[in-house]
Each structure stands twice: as structure tokens, then as C-alpha cells.
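Step one of this worksheet: look at the structure below.
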2 protein chains.
Amino acid sequence: MFFDDRKKRILSAIVETYIRTGEPVGSKTLSEFPGISVSPATVRNEMAALFEMGLLEQPHTSAGRVPSHLGYRAYIDSLMRAKPLTEDEKDGIDALFNIGDPDPDKLLADCAEALAEYTGCATIAMTTTPSYVTVEHIDIVPADATTVVLLVIASNGVVKSKVCRLGFRVNTGIADFFRKFANDRFCGHTLKEITAEFMNSVSIQLGEYSGVFNPLIVGIYELCKEVYDGQYYLGGREKLLTYNEYSDRALEIMKLISKRDELGPVIGNNPSGVTVFIGKENSLSQLSGSSLLVARFSIGENDCGTIGLIGPVRMDYSRLIPHLEYFAEKLGTLLSITYQRKTGDENG
Amino acid sequence: MFFDDRKKRILSAIVETYIRTGEPVGSKTLSEFPGISVSPATVRNEMAALFEMGLLEQPHTSAGRVPSHLGYRAYIDSLMRAKPLTEDEKDGIDALFNIGDPDPDKLLADCAEALAEYTGCATIAMTTTPSYVTVEHIDIVPADATTVVLLVIASNGVVKSKVCRLGFRVNTGIADFFRKFANDRFCGHTLKEITAEFMNSVSIQLGEYSGVFNPLIVGIYELCKEVYDGQYYLGGREKLLTYNEYSDRALEIMKLISKRDELGPVIGNNPSGVTVFIGKENSLSQLSGSSLLVARFSIGENDCGTIGLIGPVRMDYSRLIPHLEYFAEKLGTLLSITYQRKTGDENG
DNA sequence: GTTGGCACTCGAAAGATATGAGTGCTAAAG
DNA sequence: CTTTAGCACTCATATCTTTCGAGTGCCAAC
């Protein structure tokens with residue numbers, strides 16, 4: 001009753017066949033598998049043992065076997081042979097992102113969409129900003145008579161801008177005054193510190209001018225919050241409809257995925273590399289019928305976000321895990337190019 | 001066999017009941033309707049007449065009647081009594097958008113989402129830019145050593161910005177040079193004219209500098225294109241899953257809605273006010289089981305976009321049409337405030 | 001340890017039956 | 001001429017029954 005080699009081959013065969021067909025796998029099918037050259041009866045004995053060990057489940061008495069949650073776990077952790085991406089696949093993905101100077105937000109959104117397309121799963125792409133990131137510089141640029149552009153540059157290299165319409169003419173004197181004021185007040189503060197209360201106290205310091213400058217104060221707050229909160233993009237939620245596992249649960253899951261509050265904490269706290277949550281392993285009970293794959297990506301050394309995949313437990317892990325990994329790497333590389341200034345390259 | 005008052009009342013009752021229940025409506029149910037005080041047999045005679053006139057359909061011999069496409073049309077065009085929004089509803093919607101100086105893009109996306117929430121339908125919010133809109137001003141603002149912010153201001157008041165990372169240090173001299181160059185070349189041209197070919201010819205004029213400035217040229221192109229193309233936001237596509245009409249077609253419709261190429265032309269060319277396409281009236285055959293409601297919104301006098309609603313043919317037109325109308329108005333008002341500068345208010 | 005044989009289980013598919021809402025038609029009443 | 005009750009008829013839906021077969025567990029033989 002050890003977990004010997006033949007048992008491993010049988011478990012692998014069951015997982016792979018079930019993933020492919022979605023039907024419980026029977027002893028006859030397995031006995032015809034290359035690498036399993038024993039009779040159905042022997043396979044049945046082995047299956048009974050694997051069932052005892054908790055690695056298989058039986059939908060009902062007279063059906064074949066299905067991997068249990070532990071069965072998948074054993075398969076993924078030690079039996080599965082990951083299918084690395086072919087060069088063609090890599091080229092295809094590279095080509096998608098082969099655009100100069102991409103907008104980081106758009107990049108992330110596109111990545112979520114592309115990942116969904118490649119994997120047939122719902123995807124999430126999320127960035128997180130470490131709490132030590134500070135405001136490095138604030139700029140205000142008159143665009144036309146009453147319009148200015150606000151810029152917030154964070155210490156991690158992220159730059160966000162917002163167009164502000166003011167109720168009065170803005171000349172360079174006013175712009176210079178506000179620029180100095182804002183930089184004095186905000187530079188060096190972590191983004192985390194820039195709260196609504198903080199903004200209130202700053203506003204008070206503007207005294208009689210607090211009214212007219214309020215749109216700018218609010219604008220700065222919004223930009224800092226935008227940088228600190230990071231992004232949360234979804235892709236391909238409708239892909240779930242293609243799996244009959246979701247025939248009556250698709251709406252619920254799709255709604256859940258949309259909720260950053262719910263999913264953000266779950267996917268945001270994982271080690272580097274690909275982490276897999278199989279069915280009931282998910283902390284969210286609604287995901288007990290789904291598997292969640294997450295991979296972190298980083299800019300240089302700094303971990304900065306997560307991409308994730310949600311699909312039926314019966315998903316092709318051996319293909320999807322390397323894919324997710326590749327997308328995460330790619331994303332990290334591309335963002336690192338965009339945000340490289342911290343590590344030099346200022347010649348020109 | 002005229003379309004007399006009683007027939008109208010019966011048709012209205014059928015449409016309204018069917019919209020509410022989703023079940024074919026029978027003569028007995030109708031005879032109990034207030035306002036229809038005749039026996040089921042009489043109702044049957046009338047229904048037979050309405051059927052002859054093409055206003056009703058029969059799912060099968062022994063079922064009740066269902067409004068035909070023409071039946072809905074007659075109902076919407078002349079029988080329906082629109083349910084105006086209550087003050088509470090208006091207040092609720094107003095509250096959603098009660099934010100100072102909103103980002104127009106975000107406003108549109110939020111509007112699509114809110115409209116979906118209020119109506120239970122999938123929504124589209126789209127902007128279009130008239131072909132006479134020109135580039136009014138281009139600005140380039142150094143943000144840090146090698147980063148600049150590009151600004152494109154269009155003659156319709158739209159301002160878009162993009163952060164560009166350059167491979168070299170940018171001083172004010174360089175910025176001033178490029179600003180002048182860009183404004184000389186682009187200002188006054190319509191956005192429509194700013195094509196890839198046009199950009200190429202401009203790039204050539206930069207001679208030996210075309211290489212280093214290429215990111216900026218590309219950036220300007222992207223911004224102009226972004227303004228000219230306008231936005232296309234979707235909301236609540238998953239709402240369709242709540243209707244069993246879509247039980248096996250949801251994926252197809254959801255994919256269709258995502259395709260701007262397909263839907264853009266359909267919803268972009270409509271008169272002002274709310275336009276309704278019922279089922280087969282839609283030019284896209286995939287929408288033959290859906291109704292499409294579109295409403296234009298405008299900034300001041302200038303028509304600038306469309307919001308649309310997609311749901312089952314059996315939708316509550318009397319409620320949704322006024323809602324869509326209100327959202328369109330609201331959106332127009334809010335955008336007009338943002339883009340008001342064309343009509344004055346430059347005091348300060 | 002492995003295998004063929006065999007009775008047994010149980011879900012899915014196919015067929016049979018019943019139910020009932022709703023119809024069209026007819027003829028009588030208003 | 002319009003309205004209505006009566007009635008036979010239709011047909012989708014629901015329920016129940018039957019059949020079918022893939023797959024199992026166990027046993028005895030190899």
C-alpha cells in the first residue's frame with residue numbers, strides 16, 4: 001500500500017485524462033494507457049488503494065474515478081511534467097507586447113486580456129505599491145487659460161497625471177506658487193500617509209486660498225491614491241461560460257472576481273513563483289469549485305504585482321502554470337524597462 | 001378588425017404581462033385584467049385578430065400568446081406609458097456622479113457600470129469625436145531627468161496626457177525646441193489627418209533627430225488617436241446571465257458586445273433621443289434575440305457620444321427608456337461642465 | 001501479485017403516461 | 001352583430017418506468 005511508481009503513473013493518467021475529457025476515468029481506459037500495462041482488474045485494485053489514500057473520489061458507485069483535491073495536489077507538486085512554452089508560443093506572446101514605451105496601466109490591462117485568451121481562464125492583473133514609496137515630486141503645468149495638468153511622481157518611478165479645470169485663469173506665478181507649496185508639503189511623505197485627513201490639514205494651511213486651490217488638492221490626493229492603490233484589471237471573465245462546471249455558477253463567480261476587496265488580499269499575499277490553490281484550498285468558499293493560480297511579478301528586485309488565473313479545478317495545470325509564469329516574467333521585464341531610471345541609464 | 005381601443009388594451013396587457021413573467025399570456029389571465037372586462041372567449045377572438053395583424057405570436061398551438069416584434073414596436077411607439085424616474089431615483093443617480101472635476105474617461109466607465117446596475121442590462125458607453133476637431137496645442141513638460149509628460153489639447157477641449165520615458169536627459173532647451181516643432185507641425189490639423197503616414201512625414205522633417213525624438217512623435221500620435229477614436233466602455237455584461245433567454249447564448253452575445261468594430265457603427269449612428277431596436281430589427285443577426293436601446297449625449301450643442309443598453313427583447317421598456325434618457329442627459333451635463341471653456345467662464 | 005469472471009450498482013437515456021393550460025370552433029344568448 | 005359558454009383538441013412539461021451499459025468489488029484461479 002505504498003505510493004509506488006505504478007500508483008503514481010495511474011494517478012497521473014487519471015488526472016490527465018480527467019482534465020482532458022471531464023469524464024470520470026475507468027479502469028479499462030487506464031489499462032490501455034501506455035506505461036500502464038496491466039489488466040483492468042489490477043488497475044482497479046490500485047485505484048481502490050489510491051481511493052483509500054484519499055487521492056481519488058467517486059462521483060457515484062458505478063462511475064469511474066476522479067482526482068480528489070489531494071490527488072490534484074500530489075499531481076501538481078510531484079507528478080506533473082510542466083510543458084514549457086514552445087519558442088513559437090513565446091514569440092507569439094512577445095509580439096503582443098512588442099510596443100515601444102507602453103503605458104503601464106494599459107500594459108497590465110492588455111496582459112490580463114491576452115492571458116485570458118491564451119489560457120481560456122478568467123484573469124486578474126493587479127499591482128501593489130509598497131508602503132515605503134514616497135512622493136518624489138509634484139508638478140503643475142498650465143495647459144490653457146484655466147486648465148492645468150497635475151503630475152505626481154512617486155519614488156518608485158511611477159508618474160501619474162490628471163487634467164484639472166480650474167475656475168480662474170492660471171498664470172505662471174500662480175503655478176509656481178502652488179508647485180512650491182505642494183512640493184514642500186508632500187515630498188518625502190509616503191503615499192500611505194496621504195490620507196483625506198492629511199489633505200484637510202494641508203488645505204487649512206492654504207488659508208484664504210484653500211477654496212480656489214481645492215481642485216488641485218483633491219487632484220493630488222486622487223493621484224497619490226491611484227498610485228498607492230495600484231491597478232486591478234480583469235480579463236476574460238466570460239471564458240468561464242465555456243466550462244459546464246460553471247453552467248449555474250458563472251454569474252456568482254464572475255461577480256466575485258470583480259470584487260477587489262474580496263480577491264485582492266487572497267492573490268496579493270503569495271511568495272514569488274506560481275502558487276496554486278486547488279478547489280477547497282481557496283480561502284474563499286465561493287471558489288471551492290475553482291482553481292486559482294497566481295504569480296508575482298517584479299520591477300527589478302521589487303515585487304510589484306500579481307497576475308492570476310481562475311478556472312475550473314479541472315484545468316490543464318501542466319500547460320497553464322508555465323504560461324502564467326512566462327507572462328509574469330514578461331510583464332516584469334517590460335515594466336522594468338519602463339521604470340528603469342532607478343538603476344541608471346541616464347546617458348543620452 | 002380595426003386596431004380599436006380594446007385591442008390596444010389587450011396588446012398592452014400582453015406585452016406588460018409577458019415582460020413581467022416571461023410566460024406566454026393566455027386569455028383567462030387577460031380577461032381578469034382591470035380594463036379588460038370581457039370573457040376569455042372574447043379575448044380569444046381579439047387575440048386571433050391581433051395575431052392576424054402580426055402583432056402577436058404563438059410559441060406553439062396550445063400556448064398563450066407572446067408579443068411579436070411588431071407587437072413590441074406598436075407598444076413602444078404608441079401604447080406604452082413611460083414611467084418617469086421618481087425624484088428619489090434621480091437623486092440616487094445624481095449622488096453617484098456628485099464628484100468635483102471628474103476624469104471624463106472614468107466618468108464614462110462609471111456611467112456604464114451604474115447604468116448596468118440600474119437597468120440589469122449590459123451597457124455600452126462610447127464617445128465619438130467629430131472629424132472637424134483639430135489639434136489646438138501640444139505641450140511637453142519635463143517631469144524628471146529623462147521623463148517628460150506630453151499633452152495634447154484638442155479644439156473640442158479634450159486634454160490627454162502621456163508620460164514618456166526618453167533615453168536621454170531632457171533640458172528646457174530641448175523641450176522648448178520640440179514644443180515649438182510639434183506645435184508648428186500639428187496645430188490646426190484635424191485629428192483625422194494625424195495618420196501614421198502623416199507622422200512619418202513629420203518624423204523625416206526632424207532629420208538626424210528623428211531617432212531620439214521618435215518616442216515623442218509616437219506619443220503624440222497615440223494621444224491624437226486616443227482623442228479621435230474616443231472611448232468604448234462596457235458595463236455589466238454578466239447581467240445577461242440572469243435572463244434565461246441567454247442561457248445558451250450569453251457567451252456569444254458577451255463576445256459580440258466587446259467588439260467595438262461590430263457594435264460601434266450600429267450604436268454610433270442614431271438620431272438624438274432614445275432609439276430602440278427590437279430583436280430582428282437589429283442589423284446584427286446575433287442580436288436578433290436582444291433589444292438594443294441607444295441614447296446620444298452631447299456637450300453643449302455638440303453631439304459627442306452614445307450610451308446603449310442590451311438586454312432580452314422582453315425588457316421593461318417603460319422603465320428603461322426614461323432611465324437611459326436620464327443617464328444620457330446627466331452625462332451630457334457633467335461633461336459640459338468639464339468642457340465648458342468653449343462657452344466662456346474664464347473669469348477668476 | 002495478477003488476472004478473468006461475474007453479479008451488482010446506479011446514472012443517463014429512452015419511452016410511456018398523465019396533466020393541464022390554452023386554443024379554435026360552434027351555437028346560443030344578449 | 002357582439003359576446004359568451006361549452007367542448008373537443010393540441011401539445012409542452014412533468015413524472016414515472018424501463019432499459020442500457022459503463023464501471024465496480026470481490027472471488028477464485030493462475
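Atom CD of B:Glu57 is separated from atom P of C:dT23 by 15 Å (rounded to the nearest Å). The separation between A:Met47 atom CE and C:dG1 atom C1' is 19 Å, rounded to whole Å. With rounding to whole Å, A:His60 atom NE2 is found 9 Å from C:dA12 atom C1'. To the nearest angstrom, C1' of C:dG22 lies 12 Å from CG of B:Leu30. Counting to the nearest Å, the C1' atom of C:dG22 and the CZ atom of B:Phe51 are 14 Å from each other. Between B:Glu32 atom CD and C:dG22 atom P there is a gap of 10 Å when expressed in whole angstrom units.
Side chains of A:Ser272 and A:Arg296: a donor-acceptor N/O pair is absent below 3.5 angstrom, by distance only. Between the side chains of B:Tyr317 and B:Ser291, at least one donor-acceptor pair of N or O atoms lies under 3.5 Å. Side-chain N/O atoms of B:Ser318 and B:Lys83 include a donor and acceptor closer than 3.5 Å.
Taking for each of A:Lys28 and A:Ala41 the nucleotide of DNA chain D with the nearest heavy atom, the 5'-most of the two is the partner of A:Lys28. Sequence order on DNA chain D of the closest nucleotides to B:Asn45 and A:Thr29 puts B:Asn45 first from the 5' end.
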Self-check item: Verdict with supporting geometry, B:Lys255 and A:Glu238, salt bridge (Lys or Arg N to Asp or Glu O under 4.0 Å)
Solution: CA-CA 8 Å; B:Lys255 276 187 185 166; A:Glu238 72 278 2; over 6 Å; no
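The span of DNA chain D lying next to chain B, judged by atoms under 4.0 Å from heavy atoms, is bounded 5' to 3' by D:dT3 to D:dA12.
For B:Lys8 and B:Phe3, the positive end sits near the middle of the six-membered ring, less than 6.0 Å away and at most 45° from its axis.
At C:dC6, none of the side-chain N or O atoms of A:Arg44 fall inside 4.0 Å of OP1 or OP2 (strictly under the cut-off).
With contacts defined as side-chain heavy-atom distances shorter than 4.5 Å, the pair B:Ile310/B:Ser290 qualifies.
Nucleic acid contact for A:Thr61: sugar-phosphate only, since backbone atoms but no base atoms lie under 4.0 Å from a heavy atom of the residue.
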